[in-house]
Amino acid sequence: MSAQSDVEILSIEAIEVYAKRHELSGSDVVDLFHKYQVFEKILIQHEYLHQVDFEEVMEYIERIVEENSRELVVYHGSCHDFDKIDLSKSHNRRDFGKGFYTTILKSQSKEWAYRLSLREKKKPYFVYEYLFTENTSLKVKRFDSLSKDWLKFIKENRIKGGLQHDYDIVIGPVADDRTMETIQLYIADILTDEEAVARLKYSKANNQISFHTKKSLKYLRFIRRNIYE
């Protein structure tokens, strides 16, 4: 099979998976991939991408889109009806500190909202949709993987509470149900960071983007609120 044919097959599969994860149509994903030259970059990196598993291919594509996009649609799941974001009402001892948490995955935010509604016995529940426009004046911290730095950052915020950093925005993986046991063992000093990272190596973490300052909220524009019973 030629490199061109191999790239075409890989690209078709990537389009289908990306569309499903982000709840987009296939044509929307094709337009997005053309906009950020994803197809060309897959071809250039063909030799490398051919040797790794498909999930790493998708991580590579996600990085291309994220690094080139200045506008990003993000979602916040909640069982509370509100018009204005109030950082003072944020939950304490969160992964990245007190803040307003969002994700680029609508399905993930809906799941969060549903679980919250069950825990607090509230209906309906909501998914808020915002447009985030990144600005160079913002101080942004990014974690690209379940790394030692990510673990240490989470431990600091979860143990001490409040806000243990001066970033406007933090972007990185979310410690969900699949990874929480390892995180808790690490926070309790039962696992070292090396042991924790080794256990997390094959985990498929979802994404979260947290807003921690009033300044950061100026670049977050409300689009719509979806209601679910």
Does [X] belong to the same Ile/Leu/Val/Met/Phe/Trp/Tyr cluster as [Y], with side-chain heavy atoms less than 4.5 Å apart forming each link?
X	Y	result
Leu43	Val57	yes
Val52	Val7	yes
Ile223	Tyr75	yes
Leu131	Val74	no
Leu32	Leu10	yes

Inset, instruction - Please test Asn226 against Phe126 for side chain to side chain contact (heavy atoms under 4.5 Å, CB included), starting from the C-alpha separation and ending with a verdict. - result: CA-CA 6 Å; Asn226 302 285; Phe126 311 92; over 6 Å; no

Do the non-hydrogen side-chain atoms of [X] and [Y] ever get within less than 4.5 Å of each other?
X	Y	answer
Lys215	Lys139	no
Ile104	Leu72	yes
Tyr125	Leu118	no
Thr213	Leu138	no
Asn207	Val174	no

Are more than 12 heavy atoms from other residues, nucleotides or ligands located less than 6.0 Å from atom [atom1] of [X]?
X	atom1	result
Glu56	CD	yes
Tyr60	OH	yes
Lys122	NZ	yes
Lys35	NZ	no

Inset, instruction - Verify whether one side chain among Asp149 and Ser147 offers a donor that lies under 3.5 Å from an acceptor in the other. - result: no

Inset, instruction - Give a yes-or-no answer on whether the side chains of Glu156 and His165 include a donor-acceptor pair shorter than 3.5 Å. - result: no

Between [atom1] on residue [X] and [atom2] on residue [Y], distance to nearest 0.5 Å:
X	Y	atom1	atom2	value
Arg199	Thr179	CZ	OG1	11.0 Å
Gln108	His22	CD	NE2	10.5 Å
Lys121	Leu116	NZ	CG	13.5 Å
Phe222	His76	CZ	NE2	11.5 Å
Leu163	Lys98	CG	NZ	9.5 Å
Ser27	Ile15	OG	CD1	10.0 Å

Legend entry - Validation row, ring centre Phe82 to ring centre Tyr128 under 6.0 Å: yes

Inset, instruction - Would you please indicate if the ring centroids of Phe211 and Phe132 are separated by under 6.0 Å? - result: yes

For [X] and [Y], which heavy atoms make the closest approach, and how far apart are they?
X	Y	result
Gly99	Ser90	O-OG, 3.0 Å
Ser78	Ala113	N-CB, 3.4 Å
Tyr18	Ile61	CD1-CG2, 4.3 Å
Ser216	Ile169	CB-CG1, 3.8 Å

Legend entry - Sole residue of Asp189, Asp95, Asp193 in salt bridge (Lys or Arg N to Asp or Glu O under 4.0 Å) with Lys155: Asp189

Counting N and O atoms only, with roles assigned by atom type, does the side chain of [X] sit under 3.5 Å from a partner on the main chain of [Y], one being a donor and the other an acceptor?
X	Y	value
Ser11	Phe39	no
His212	Phe100	no
Glu195	Thr192	yes
Gln164	Asn157	no

Is [X] salt-bridged to [Y], cutoff N-O under 4.0 Å?
X	Y	value
Glu59	Arg21	no
Arg63	Asp144	no
Lys141	Asp168	no

Inset, instruction - Verify side chain to side chain contact (heavy atoms under 4.5 Å, CB included) between Arg225 and Val127, making sure each step is shown before the conclusion. - result: CA-CA 6 Å; Arg225 179 185 61 190; Val127 172; over 6 Å; no

Inset, instruction - Could you list who else is in Ile159's hydrophobic cluster, with ILVMFWY side chains joined at under 4.5 Å, directly or through other members? - result: Phe96, Tyr101, Phe143, Leu146, Trp150, Leu151, Phe153, Ile154, Tyr167, Val170, Met180, Ile183, Tyr186, Ile187, Val197, Leu200

Inset, instruction - Begin with the C-alpha distance, continue with both residues' side-chain angles, and end with the deciding distance and a verdict on side chain to side chain contact (heavy atoms under 4.5 Å, CB included) for Gln208 and Thr102. - result: CA-CA 6 Å; Gln208 61 184 352; Thr102 69; over 6 Å; no

Legend entry - Audit row: Ile42, Leu49, side chain to side chain contact (heavy atoms under 4.5 Å, CB included) steps and yes/no: CA-CA 7 Å; Ile42 289 176; Leu49 296 175; 4.0 Å; yes

